[in-house]
Amino acid sequence: MLLQGMKIVSFCHFLQGPAATQYLADMGADVIKIEPAKGPFERSWSGAKVFVGGVSGFFLAANRNKRSFSVDLKSAEGKELVLKLIDQADAVVENFRTGVMDKLGLSYEDLKKRKPDIIFASGTGWGLNGPMVGRTAQDLIIQARSGFISATGPHDRPTAAGCAIVDQHGGALLAMGVLAAYIKKLKTGKGTHVQGSLLNSGLDLQTEPLTNYMSSRPGTEAFDRQENLITWFHEAPTGVYRIADAQVVIPTNDIANVAEALDSDALRALQHLDRYDDRDVLAAAVAEAVRSWTYDDLSKAFDARGVWYGIVQDYEAVAADPQIAANNVFREVEVNGKTATLVNHPLRYDGQVPELHTLSTEVGSHTSEILHEMGLSDADIERLFAKKIVSGPAEVVGALTE
C-alpha cells in the first residue's frame with residue numbers, strides 16, 4: 001500500500017471532498033470519515049434513486065476504503081474526541097462551506113496551534129476570498145459560471161457535461177495537493193494549508209481553450225459553429241457525426257486524407273480551404289459524406305488511410321467494451337446481499353488495481369474500533385454511546401452495552 005502509515009481525518013460530504021479522500025484511501029491512507037448520527041447527505045440521496053442493499057449509489061461512488069466514525073461535533077466531549085484523532089493524524093480534509101470549520105473551532109488556525117505539522121486541505125466552492133465566498137456552489141453552478149457550458153455549446157445551445165465533472169476533477173486536484181503537502185511534511189516536518197475550489201477546478205479543466213481565448217480575444221461569436229463541431233477552437237472536422245448505423249467522432253484530420261478515405265469528390269473540391277476559418281463548410285461536407293456509411297465499412301476505410309475516429313458508445317456498450325474489461329475498470333461488490341458495480345481507482349501500481357478493503361455501509365461502522373485504537377476502555381465507550389456522543393450500527397452498540 002503506497003500510503004500505508006498516513007492517517008487522514010475527513011470532514012467531507014457530497015462529492016468533491018469524498019472523491020479526494022477516496023483517491024487517498026485507495027492508495028493506502030487510513031481515512032476516517034467523520035459523520036453525524038443521521039449520516040451526511042450522500043448517504044440519503046442518490047441519482048436515479050439508486051440504492052443497493054439500502055446503500056446510496058452516490059455514497060458508494062466515492063466512499064470506499066474509509067472508516068466511519070460517527071460523533072456529535074456540537075458536544076464538548078465529541079469535539080475533544082475528534083481533536084485526539086487529529087493529534088494522531090497527518091492531514092485533515094474538509095469541504096464544508098467557508099466558515100463552518102471556524103465555527104466548530106476546527107479551522108487551520110485552530111489546529112496548527114495544537115499540531116503545527118498538520119496538513120489542512122480545504123475544498124471550497126468559490127475559494128477563500130472574493131465576493132462569492134459564502135454563496136452556494138455546486139457542480140452545475142460552477143460549470144455555468146466558469147464558462148464551461150457556454151463554450152461546450154453554441155449560444156443557442158449551451159451544453160453541460162452529463163456528469164459532475166467539476167466535482168470529480170476538484171477531488172483529484174485536492175488529493176494531489178494533499179500528497180504534495182505530505183511529501184513536504186516528510187522532508188521538513190512542516191504542515192501546509194492546501195486550498196482547492198470548484199471554481200478553479202472548473203477553469204483548470206479548460207486550460208487549453210481559455211489560454212487560446214484569453215490570448216486572442218476573438219469575441220464570443222467564435223463560439224457559434226456548425227452543429228457537428230464540438231468546440232469553438234479546433235479545426236474541422238473535429239466533431240460528432242451520424243452515420244448509417246451509429247454515431248462517430250472524427251477529431252482533427254487532414255481533409256485531403258479524409259476525402260480519399262471516403263472517395264468523396266465533394267470533399268476533394270474543398271481540401272484547399274482553411275480548416276479553421278472554413279470549419280463550418282468543411283464540417284457540413286464531412287457530415288454529408290459519411291451519412292450513408294456503416295460503421296464496419298467506415299472503420300475499414302479510415303484505418304486504411306490512418307484517419308483518426310471513434311465510435312460513440314452508450315453505457316450498455318461501455319459495459320461490454322473489451323478494452324474497458326482489459327483495463328479492469330469495474331468491480332462488483334456485495335452490499336447487504338445485493339450487488340453493486342463500482343468504478344475502480346483510475347491508476348495502476350505495478351500493474352495492480354488497489355484493493356477494496358473497507359466499505360462503511362452504515363453510519364459509524366467503525367466508531368467502536370477507532371475508540372479502542374484511541375485507548376478508551378469498554379466502559380468509556382459504552383458511556384459515550386449511551387450519552388449519544390458517538391453512534392454506530394445497532395449490533396455494535398448492543399455488543400458493548402449487553
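- We find the CG-CG distance between Leu229 and Leu282 to be 9.0 Å, quoted to the nearest 0.5 Å.
- Partners of Lys190 under the side-chain contact (heavy atoms from CB on, under 4.5 Å) rule, at least two apart in sequence or in another chain, are Lys184, Thr188.
- To the nearest 0.5 Å, atom CG of residue Asn95 and atom OG of residue Ser197 are 12.0 Å apart.
- The shortest distance between side-chain heavy atoms of Leu73 and Phe11 falls below 4.5 Å.
- Ile118 has its side chain within reach of Tyr108: a pair of non-hydrogen atoms, C-beta onward, lies under 4.5 Å apart.
- Once rounded to the nearest 0.5 Å, the distance linking CG of Leu2 with CG of Asp26 reads 11.0 Å.
- None of Lys66, Arg43, Arg67 except one satisfies the salt bridge (Lys or Arg N to Asp or Glu O under 4.0 Å) rule with Glu35; the exception is Arg43.
- A donor-acceptor pair is defined here as one N or O able to donate and one able to accept, closer than 3.5 Å; such a pair exists between the side chain of Thr367 and the backbone of Ser70.
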Given Asn327 and Gln323, is the side-chain hydrogen bond (donor to acceptor under 3.5 Å, both in side chains) satisfied, shown in steps?
CA-CA 6 Å; Asn327 286 2; Gln323 183 59 56; 3.0 Å; yes

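- In Trp308, the CH2 atom is not crowded: 12 or fewer heavy atoms of neighbouring residues, nucleotides or ligands sit closer than 6.0 Å.
- Partners of Ala89 under the side-chain contact (heavy atoms from CB on, under 4.5 Å) rule, at least two apart in sequence or in another chain, are Lys7, Val9.
- Atoms CD1 and CZ, from Ile86 and Phe120 in turn, are 8.0 Å apart once rounded to the nearest 0.5 Å.
- In summary, Asp117 and Lys115 engage in a salt bridge, as defined by a charged side-chain N under 4.0 Å from a carboxylate O.
- The closest side-chain heavy-atom distance from Ile255 to Pro237 is below 4.5 Å.
- With hydrogens and angles ignored, the 3.5 Å screen pairs a side-chain donor or acceptor of Ser56 with a backbone N or O of Glu42.
- Looking only at distances, a side-chain donor or acceptor of Ser68 sits under 3.5 Å from a matching main-chain atom of Gly364.
- Between Tyr213 and Trp232, the angle of the ring planes goes over 60°, which puts this pair in the perpendicular group of the 30/60° scheme.
- Asn200 contributes no side-chain N or O that, together with a main-chain N or O of Gly127, makes up a donor-acceptor pair within less than 3.5 Å.
- Side-chain contact check for Arg279 versus Gln226: every heavy-atom pair is 4.5 Å or farther apart.
- Taking CG of Asn328 as the start and CZ of Phe330 as the end, the distance is 10.5 Å to the nearest 0.5 Å.
- Formation of a donor-acceptor pair under 3.5 Å by the Glu332 side chain with backbone atoms of Thr339 is not found in this model.
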Determine, stepwise, if the pair Met27 / Met6 fulfils side chain to side chain contact (heavy atoms under 4.5 Å, CB included).
CA-CA 10 Å; Met27 289 186 277; Met6 182 184 191; over 6 Å; no

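- Considering all non-hydrogen atoms of both residues, Gly105 and Asp110 come closest at C-OD2, 3.1 Å.
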Pair His193, Ser122 - check side chain to side chain contact (heavy atoms under 4.5 Å, CB included), show working.
CA-CA 8 Å; His193 188 185; Ser122 299; 2.9 Å; yes

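- Residue Ser107 comes nearest to Asp102 through the heavy atom pair CB-OD2, 3.6 Å, listed as atom of the first residue, atom of the second, then distance.
- Residues Ser368 and Ile381 approach most closely at O-CD1, 4.1 Å, considering heavy atoms.
- Closest of all the heavy-atom pairs between Val166 and Asp139 is N-OD2, 2.8 Å.
- Judged purely by atom type and a 3.5 angstrom limit, Asn336 uses its side chain to pair as donor or acceptor with the backbone of Gly53.
- Remark: the backbone N or O of Tyr295 is paired with a side-chain donor or acceptor of Asp245 at under 3.5 angstrom.
- Dense packing is recorded around CD of Glu80, with more than 12 heavy atoms of other residues, nucleotides or ligands lying under 6.0 Å away.
- Side-chain polar atoms of Arg225 and Thr231 form no donor-acceptor pair below 3.5 angstrom.
- A donor-acceptor contact shorter than 3.5 Å is absent between the side chain of Asp350 and the backbone of Gln352.
- Using a 4.0 Å cut-off between a side-chain N of Lys or Arg and a carboxylate O of Asp or Glu, Arg242 and Glu227 do not qualify as a salt bridge.
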Let's go through Leu15 and Phe58 carefully: what are the C-alpha distance in whole Å and the side-chain angles of both, what is the deciding distance for side chain to side chain contact (heavy atoms under 4.5 Å, CB included) to 0.1 Å, and is it a yes or a no?
CA-CA 8 Å; Leu15 184 55; Phe58 186 39; 4.1 Å; yes

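- Smallest separation of non-hydrogen atoms from Pro251 and Thr238: C-OG1, 3.6 Å.
- Atom CZ of Arg145 sits in a sparse spot, with 12 or fewer heavy atoms from other residues, nucleotides or ligands closer than 6.0 Å.
- In this structure the side chain of Gln206 reaches within 4.5 angstrom of the side chain of Ser146, judged on heavy atoms.
- Under a 3.5 Å cut-off, the side chain of Thr124 and the backbone N or O of Gly196 do form a donor-acceptor pair.
- The backbone N or O of His357 lies less than 3.5 Å from a partner atom in the side chain of Asn65, making a donor-acceptor pair.
- At least one side-chain heavy atom of His366 sits less than 4.5 Å from a side-chain heavy atom of Thr358.
- To the nearest 0.5 Å, the span separating CD on Gln88 from CD on Glu373 amounts to 8.5 Å.
- For Asp156, the CG atom counts as densely surrounded, since its 6.0 Å shell holds more than 12 non-hydrogen atoms of other residues, nucleotides or ligands.
- Looking at every heavy atom in both residues, Trp126 comes nearest to Arg135 through NE1-O, 3.1 Å.
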Show the numbers, then the answer: is there a side chain to side chain contact (heavy atoms under 4.5 Å, CB included) between Val240 and Val249?
CA-CA 4 Å; Val240 181; Val249 294; 3.9 Å; yes

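- Aromatic ring pairs are classed by plane angle as parallel below 30°, tilted from 30° to 60° and perpendicular above 60°; the pair Phe41 and Phe14 is parallel.
- For the pair Lys185 and Thr192, the minimum side-chain heavy-atom distance is 4.5 Å or more.
- Counting only heavy atoms from C-beta outward, the side chains of Leu85 and Ile34 approach each other to under 4.5 Å.
- A salt bridge links Arg268 to Glu260: at least one charged side-chain nitrogen sits closer than 4.0 Å to a carboxylate oxygen.
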